[in-house]
Structures are given as structure tokens and as C-alpha cells.
There are 4 protein chains.
Amino acid sequence: MASAAAPATGTAPRGRIDKRQAILDAAFEVFAVRGYAQALVQEIAEQAGVAKPTVYNHLADKETLFRATLTAAADAVMDGNLATLERLRSPGDDLRATMNEVAHELVRSCCDKRSRSLRWLTYAQVARFPDLIEVVQGRTSVRIAEAMADRLARLSLSGHLRPCDPVLAAEQLLALITGPLETRSRLGTRVVTKAEMRTLAEAAVDTFLRAYGPGPAEA
Amino acid sequence: MASAAAPATGTAPRGRIDKRQAILDAAFEVFAVRGYAQALVQEIAEQAGVAKPTVYNHLADKETLFRATLTAAADAVMDGNLATLERLRSPGDDLRATMNEVAHELVRSCCDKRSRSLRWLTYAQVARFPDLIEVVQGRTSVRIAEAMADRLARLSLSGHLRPCDPVLAAEQLLALITGPLETRSRLGTRVVTKAEMRTLAEAAVDTFLRAYGPGPAEA
Amino acid sequence: MASAAAPATGTAPRGRIDKRQAILDAAFEVFAVRGYAQALVQEIAEQAGVAKPTVYNHLADKETLFRATLTAAADAVMDGNLATLERLRSPGDDLRATMNEVAHELVRSCCDKRSRSLRWLTYAQVARFPDLIEVVQGRTSVRIAEAMADRLARLSLSGHLRPCDPVLAAEQLLALITGPLETRSRLGTRVVTKAEMRTLAEAAVDTFLRAYGPGPAEA
Amino acid sequence: MASAAAPATGTAPRGRIDKRQAILDAAFEVFAVRGYAQALVQEIAEQAGVAKPTVYNHLADKETLFRATLTAAADAVMDGNLATLERLRSPGDDLRATMNEVAHELVRSCCDKRSRSLRWLTYAQVARFPDLIEVVQGRTSVRIAEAMADRLARLSLSGHLRPCDPVLAAEQLLALITGPLETRSRLGTRVVTKAEMRTLAEAAVDTFLRAYGPGPAEA
DNA sequence: AATGAATGAGCCTTCATTCAT
DNA sequence: CATGAATGAAGGCTCATTCAT
């Protein structure tokens with residue numbers, strides 16, 4: 001994945017880093033397909049092209065490997081979403097259009113294989129690693145919600161939205177965006193067409209703006 | 001649920017039925033706490049007060065046991081929610097008040113241990129039993145959404161709501177009710193206070209009515 | 001076999017006897033197909049048309065059932081073979097022809113499904129029930145060999161055969177008859193044609209007569 | 001047997017080979033005593049001085065272990081017998097004496113624990129692994145019979161024996177050697193004295209030569 | 001006596017983890 | 001450091017056998 005640019009001068013430690021990354025990448029793929037319990041360390045090692053003990057040399061045990069894998073994946077997923085939300089800083093003339101874009105992008109991200117696997121793996125291991133939810137959601141859902149709340153607060157102050165609790169508004173907007181999507185995709189087991197994704201994104205924005213747009217009365 | 005009229009003097013097969021039910025109940029409890037892979041058939045048998053082979057006499061193997069357990073739990077959960085939605089058939093004078101009640105009841109149900117465990121178990125085993133999602137959601141989420149869409153369609157026709165796509169409206173209403181709840185409860189790993197539950201329910205209804213209530217033009 | 005003489009007036013006990021016989025018959029069929037360890041008491045019960053505990057009512061346990069089954073089968077097989085050997089009592093003019101008939105009949109009996117299964121089951125359980133070999137062979141091979149030795153002794157005395165040890169001669173004759181057969185049938189896993197059976201029988205007799213026939217000196 | 005030239009300073013894989021061989025040896029001993037179904041993998045591992053999973057590392061499962069064990073044993077048994085038959089290539093002056101030696105050696109081999117266990121195990125598992133008979137007999141009985149037929153054909157051509165079908169003659173000779181032996185040893189459950197073994201071998205050769213020796217007419 | 005249901009004991013197999021090279 | 005090989009611990013499933021009806 002990232003082993004391309006390695007300069008020839010990278011001696012020992014570079015190889016180590018590459019190997020660790022290769023293991024984490026392989027681990028995510030295997031965990032994503034099998035789930036935690038069914039994933040074999042053996043298979044992860046093979047996928048990473050290393051021997052089993054090498055995995056243990058880098059990551060203490062299966063649980064550590066799982067935590068590191070999910071944490072890394074959470075960071076990767078978050079980066080994309082936070083970038084998307086940046087667009088709401090300067091909504092331009094047409095707020096609805098901008099929000100549609102953002103919503104659509106979030107919908108797409110939500111359907112992404114990596115994102116879906118991350119949510120699934122997290123949810124699936126609540127019983128075994130309850131604290132993982134805090135870690136992962138703290139780096140994804142919660143940060144997205146906070147960033148969204150920030151944007152909505154600004155929009156409210158600038159009169160683009162009616163006065164409101166920005167935290168609740170953000171939660172509801174995200175719920176409107178992702179909720180129907182999860183319903184229709186049956187938690188990701190059914191494919192959702194591109195057209196449906198766009199429709200759902202626009203419907204979410206429409207409902208949100210009807211509820212939170214500047215009221216005509218207050219105008 | 002179906003054991004209604006059976007007199008206490010039930011004949012021979014009664015013992016069998018009781019035992020099967022005891023096994024399913026015990027299985028749900030154990031699966032809910034441990035998850036599928038970590039749940040021991042041994043522990044389920046003990047919890048049900050029977051010997052391990054008795055479990056296998058009634059349910060062929062661990063997978064069959066799991067499927068039967070989740071299916072039964074789905075039916076049980078659904079019954080409560082469908083009853084709740086009945087209240088929207090005759091909303092009375094104060095639609096908002098009625099919807100608040102319904103939303104609040106759905107929130108409470110959603111936080112219920114059985115309901116939460118059911119969702120978690122289903123989601124957690126997507127990889128191993130992908131078809132289970134269809135079965136369980138078909139008996140819960142989907143049916144609730146359909147029932148909600150029915151009610152909203154009536155309310156729209158009767159002028160209590162503006163004209164709209166009732167299916168989408170139902171999805172969005174349910175998303176508004178449960179989405180923020182899942183966010184705040186961190187998928188059930190944090191307790192949500194009764195006050196918060198009420199607040200979220202009312203906020204969901206408020207946003208929904210702002211977006212779907214009869215427009216001022218029609219007033 | 002022994003159920004013949006029961007008078008029609010036998011009311012209750014008749015059913016019992018029939019059931020015991022049905023169980024033994026079923027047991028032989030199942031044991032013959034599966035072997036001892038793989039044979040399920042459940043399957044024997046089903047084959048016999050009774051419930052599992054009924055089997056235990058008649059035969060104490062699986063081992064007892066096995067012993068009774070094999071003993072009964074041994075008696076049945078033996079009856080046929082002893083009858084065959086009777087023909088050697090009065091060989092008539094053409095000794096070779098009579099011996100050919102007897103040998104051929106023994107070959108056919110040896111290939112019979114019941115006989116084969118009996119030998120196989122006995123041999124297969126040497127380790128678990130070493131004494132069964134005495135019981136079964138005592139009722140089959142040994143008795144056949146003894147009867148054959150009797151006949152050969154008479155034939156020797158009457159000058160049809162040269163003076164010899166009749167016990168050894170009987171063992172060798174039987175070995176000549178059955179040995180090549182077992183080789184060619186691969187212990188019963190390959191079919192042996194009728195023609196081959198006849199050929200082998202005649203070859204056995206031919207070799208035996210060459211070795212044990214009255215010498216040219218005595219002619 | 002085949003490890004001949006390997007110096008004691010064998011490199012790394014030597015340990016693996018030794019362990020595999022140790023497992024096969026242990027397996028044969030345990031299977032020989034208990035039979036397939038009753039043999040515990042646990043016991044085989046202990047006998048081989050390794051842990052249970054090590055057995056599975058070398059041989060996939062119990063069935064594979066059984067097949068490998070019997071195949072190896074068949075090869076070992078065969079080697080001895082084929083070597084014995086070589087002596088018939090140059091019978092020397094006294095054919096009868098040479099044949100007596102060979103017959104006696106075959107009798108001894110036939111009574112050997114390994115040989116006996118091999119036959120028993122093969123026979124005992126006909127139902128479960130029918131193809132094993134082909135494999136084992138193909139490497140033992142059939143090859144012995146073929147080799148014997150080769151030798152007899154030569155002896156017939158050279159006038160030491162009368163003209164005959166060498167295949168049938170070989171089958172009969174082997175039957176004469178082993179048949180009475182199996183009868184008297186009750187399939188190996190009774191001990192046969194050394195004297196009896198010699199007697200039976202000589203009797204077999206005597207009968208064979210009476211039947212197949214060059215006729216007095218041709219003298 | 002016959003049966004449906006229950007059970008106790010036991011074994012194969014798997015997999016995370018650790019040595020020794 | 002990376003690896004091939006070995007292992008300890010554990011769990012699902014089977015089946016002969018026995019109650020209670």
C-alpha cells in the first residue's frame with residue numbers, strides 16, 4: 001500500500017514499519033470478512049506475507065492486533081469525513097446545494113466498504129471489548145457530530161438556519177442522512193443504487209431544512 | 001404469547017414445550033451476554049436447567065439454536081412495537097401529544113435490554129449468517145417501518161400532515177427517534193437518563209412535525 | 001429358525017419372540033453394513049420397527065446384542081454347510097464329480113452375503129471381543145472342518161483316497177477351496193463371476209485329488 | 001527401512017521426519033491393540049511422545065493417520081515377504097528343501113504381530129474404508145501372489161514342476177500355506193507352536209509337490 | 001411391556017501462543 | 001528479527017444408556 005516511495009537508504013527500521021503496516025492492512029481485511037472470532041491469525045499472517053510469529057513480534061496478541069487495526073481504520077475513515085464537512089464552512093449562495101453535496105458525500109462514505117466493516121466490527125465486539133466503542137466512535141461518529149454541530153452553529157448564527165441547539169440539530173441531520181440508508185441497505189447486506197443514495201441524501205437535507213431553515217415567520 | 005389458553009393441567013407434550021422454551025430463553029440470555037462465538041452450549045444448558053444433549057435434541061446444532069433464538073426474540077420485540085404504533089390510528093385532537101407518546105415508547109423499547117441485545121446479536125453475526133439480517137429485520141425494523149408508513153399515509157390524507165411519501169417519511173421519523181439515541185447511548189454502552197429519553201423523543205417529533213406538519217399555506 | 005413349532009395358541013409370548021427375532025435380524029443387517037462401532041442402536045431399533053428402549057428390554061446392552069446376533073447368524077450359516085457336506089457320505093461312482101459339487105456349493109455359500117458379513121464382523125472385532133472368535137468359529141469353520149475330516153477319513157479307509165491325516169487333509173481342502181476365492185474377491189469387495197467360482201472349485205478338487213488320490217502304486 | 005544412508009548429522013528436517021515416523025509407529029501400535037474406533041488420538045500422541053496437535057500437524061485427521069499408518073505397514077511387511085520369495089529363483093538341487101524353507105518363512109511372517117495386525121485392521125475397516133483393501137492388498141497379498149506366480153512359472157518351464165497355470169498354482173500354494181494356519185491359530189487368537197508351524201509348512205509343500213511336481217510318467 | 005425424552009461421559013478437532021533455530 | 005514446528009486449553013457434538021409415563 002505505502003511501500004512504494006521507500007528510499008533505498010531506508011535501512012532496518014523502514015522494513016519494520018512496512019511490515020507492521022502490512023500486518024495491520026491484512027488484519028483489517030481478514031477481520032472485515034471473518035469477524036474477530038473467526039479470523040485466524042494464521043490467515044492474517046499469510047495475507048500479510050509474513051510468518052505467524054512475526055505477527056506476534058509486532059502486535060502482542062490477537063486482541064492488541066484487533067485494537068490497533070480498528071484504531072488505524074477509524075483514523076483513516078475519519079479523515080475523509082472531516083474533510084467533507086469542511087465544505088459547510090463557506091456554504092456559498094446556495095446552502096441547500098452545498099448541504100446536498102455534503103450529505104451525498106457522507107452517504108457515499110457511509111456505504112464504503114472500509115467504513116461499513118469498521119462499524120460492523122466495532123458493533124460486533126461490544127460484548128468482548130466494550131471500551132473499543134468509545135475509542136472508535138470517539139474518532140469517528142462523535143468527531144463528525146461535533147464538527148457538524150460546529151458548522152450548524154455558525155450557520156444558525158449567520159441566519160442560514162433558525163436558532164437551535166446545534167448539537168441536537170447535528171445529531172438529527174446525521175440521523176436523517178444515515179438512518180434511512182441503513183434501513184434500505186439492510187445494514188449493508190443489500191446494495192443501494194447510486195440514484196437511491198442521491199435521493200436519500202436530498203431527502204435528508206430537505207427535511208432538515210424544512211425543520212431548521214429560517215422560518216418565514218421569523219423573516 | 002401463544003400459550004394463552006393452555007390450562008395448567010397441560011398433557012404430556014407440555015413438558016417438551018416448556019423445555020424448548022426454557023432453552024430458547026436461556027440461549028438468548030447467554031448469547032446476549034457473550035456473543036455467538038463465546039457462548040458455550042454448556043452454559044446455555046445449565047442456564048436452562050437441562051443437560052447439554054437435551055439442547056441438541058431440541059435444536060440440531062449451535063447455529064440452529066442461534067437462529068431459532070433470534071427469530072423468537074424478534075417476534076417478541078415486534079409485538080410490543082406494533083402495539084405502540086396502533087395509537088397513531090386515532091391520534092385524537094392533539095397529534096403532537098400522541099406522537100410524543102409513541103416516540104417516547106419507541107425510545108424506551110429501543111433501550112430495552114432484549115431489543116438492544118437482539119440488534120447487537122444480529123449485527124454482530126452479519127458475516128457468519130448474512131441471511132439472518134433479512135429474517136430479523138423483516139420481523140422488526142421493516143415491519144415497524146411499514147406500519148409507521150401506513151399511519152403516516154392516513155395522517156397525510158386526513159390533513160394532519162402535508163402530502164408526502166409516507167415510506168420515506170416513516171424512515172425519517174424512525175431515524176430521528178432512534179438515531180440520536182444510538183449516538184448518545186454509544187450503541188448501548190452508556191446509560192441514557194429517562195429525562196434525556198423524553199427530550200430526544202420530543203425533539204424528534206418536533207423536527208418531524210416542522211418538516212411534515214400541514215404547511216402554513218394550508219392553515 | 002427355531003420359531004417354527006410355536007402353536008397358534010401362543011398369545012402373548014409370541015409377540016415377544018417375534019420382536020426379539022426382528023431385533024436380531026435388524027441388528028445383523030445394520031452391523032453388517034456399518035460394523036460394530038459405527039452401528040447405532042437407534043438405527044437397529046428403527047430397522048426392527050421398535051423403540052430404542054425395547055431393544056434394551058430384550059438384549060441387555062450393545063455388546064450382548066452383538067454377541068447374540070453373531071451367534072444366531074453362525075448357527076444359520078452352519079446349517080447350510082453341514083448339509084452340503086453330507087453328500088460326501090455316499091460319493092457314488094464318480095468321486096471327483098461329487099467333490100466338485102460339494103466344493104462348488106461351499107464356494108457359493110462362502111460368497112453369500114450373510115456368510116461374508118459374519119466372517120467380516122467376527123474378524124473385525126477380534127480386539128474387542130476375542131472370545132467371540134471361539135464361539136463363532138466353533139459353530140462354523142471348526143465344525144465344517146471336523147465334518148470334512150470325518151468324510152475324508154471314511155474315503156481314505158474305503159480306498160477312495162490314499163492313507164493320510166484326515167484333519168490336515170480337511171484343512172488343506174478347505175483352504176484350497178476358499179483361499180483363492182478370498183484372494184480374488186479381495187475379501188468380498190470385488191464380485192466373482194459364477195464361471196470363476198466354478199473354475200476355482202474344480203481347480204481345488206483337482207489339486208486335492210492329485211495330492212490325495214489313491215497312488216498309482218496302489219492301482 | 002529406507003533411511004539407510006542418512007548420516008547421524010542430518011540437518012533440520014531430520015527432526016520432522018523422525019517425528020512423523022514416530023507418530024506412524026505409535027499409531028500402528030495403538031490401532032493394532034484398540035482398533036480404529038477405539039483408538040484415541042490422545043493415546044497415539046502420548047505413545048509417540050508428542051502433543052496431540054502435533055499429530056494433526058503431520059496427518060490431517062484420524063482417517064488420514066489411519067490410511068498412512070496402514071500403507072506404511074503394508075510396505076514394511078511386503079519387503080520381508082518379497083525377499084523371502086527371492087530364494088525360489090535358484091532352488092538348487094533340492095527343490096523341496098528350498099520350498100520348505102520359503103513356506104516356513106512365510107508362515108512365520110504370517111504369524112508376525114505386525115503382519116497379523118495389518119490384516120486384522122484392514123479387514124476390520126472394510127465398511128468404513130472399502131478402498132483401503134485395494135491399497136493394502138495391492139501392496140501385500142497381490143504382490144506376493146504375483147511374485148510367487150513368477151517363480152512357479154520359471155520352475156514349471158525348467159521342468160521342476162509340471163506344466164500348469166502359474167497364477168492359480170501360486171494362489172493354491174499360498175492358500176495351503178496360510179489357510180490351515182489361520183484355522184489353527186483361530187485368526188491369531190491362539191498361539192501356534194514352532195513345531196506346528198514347521199509341520200504345516202512342510203505339509204503344504206508336500207501337498208503342493210504331489211499335485212504340481214513333475215509326474216512319474218514324464219520322468 | 002413399550003416408548004419419548006433426558007442424560008453422562010467422552011473424543012476429535014481447532015487455534016492462539018510459544019520455543020528453538 | 002523471522003520462521004517452522006510444537007503445544008495447552010478448550011468446545012461442539014455423539015451415542016449408549018436410563019427414567020417416567
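Any value given below was found using the heavy atoms of this structure, including those in side chains, with hydrogens, waters and symmetry copies removed. Only a predicted model underlies this, so the values are computations on that prediction, with no experimental measurement involved.
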Interatomic distance where CG belongs to D/Asp61 and C1' belongs to E/dC15 [whole Å]: 17 Å
Between E/dA5 atom C1' and B/Arg20 atom CZ, what is the distance in whole Å? 15 Å
Any side-chain heavy-atom pair of C/Phe66 and C/Leu121 under 4.5 Å: yes
Whenever both distances are under 3.5 Å in a Watson-Crick or G-U wobble pair, mark it; put DNA chain E into dot-bracket that way, with [ ] for crossing pairs and | when the partner is on another strand. .||||||||||||||||||||
Tell me, do D/Val50 and D/His58 make a side-chain contact under 4.5 Å, heavy atoms counted? no
Salt bridge or not for B/Glu63 and B/Arg128, using N-O below 4.0 Å? no
Among F/dA6, E/dA2, F/dA2, which nucleotide sits nearest the side chain of A/His58? F/dA2
Using whole Å, report how far CD1 of C/Ile23 lies from C1' of E/dA1. 12 Å
Under 4.0 Å between a side-chain nitrogen and a carboxylate oxygen: does that hold for B/Asp131 and B/Arg67? yes
Would you say the side chain of D/Thr122 lies within less than 4.5 Å of the side chain of D/Leu118, judging by non-hydrogen atoms? yes
Round to the nearest Å and state the distance from A/Asn57 atom CG to E/dC19 atom P. 13 Å
Residues from residues 44-54 of chain D lying under 4.0 Å of DNA chain F - heavy atoms: D/Val50, D/Ala51, D/Lys52, D/Pro53, D/Thr54
Side chains of D/Leu65 and D/Tyr56: closer than 4.5 Å at any heavy-atom pair? no
Between B/Leu40 and C/Tyr56, which is nearer to the 5' end of DNA chain F once each is assigned its nearest nucleotide? B/Leu40
Kindly confirm or rule out a cation-pi arrangement of A/Lys62 over A/Tyr36, judged by NZ or CZ under 6.0 Å from the six-membered ring centre and within 45° of its axis? yes
What's A/Ala60 touching, base or sugar-phosphate or nothing? Going by heavy atoms closer than 4.0 Å. nothing
For D/Tyr36 and for A/Ala37, find the nucleotide of DNA chain E with the closest heavy atom, then tell me which residue's nucleotide is more 5'. D/Tyr36
Please report, rounded to the nearest Å, how far the P atom of F/dA10 is from the CD atom of B/Gln38. 12 Å
Side-chain heavy atoms of B/Val126 within contact of B/Ile133, under 4.5 Å: yes
Could you check if a side-chain atom of B/Lys52 sits within less than 4.5 angstrom of a side-chain atom of B/Ile44, using non-hydrogen atoms only? no
Report the distance from atom NZ of D/Lys62 to atom P of E/dT14, rounded to the nearest whole Å. 14 Å
Which residue, A/Val41 or D/Ala39, contacts DNA chain E at a nucleotide closer to its 5' end, judged by nearest heavy atom? D/Ala39
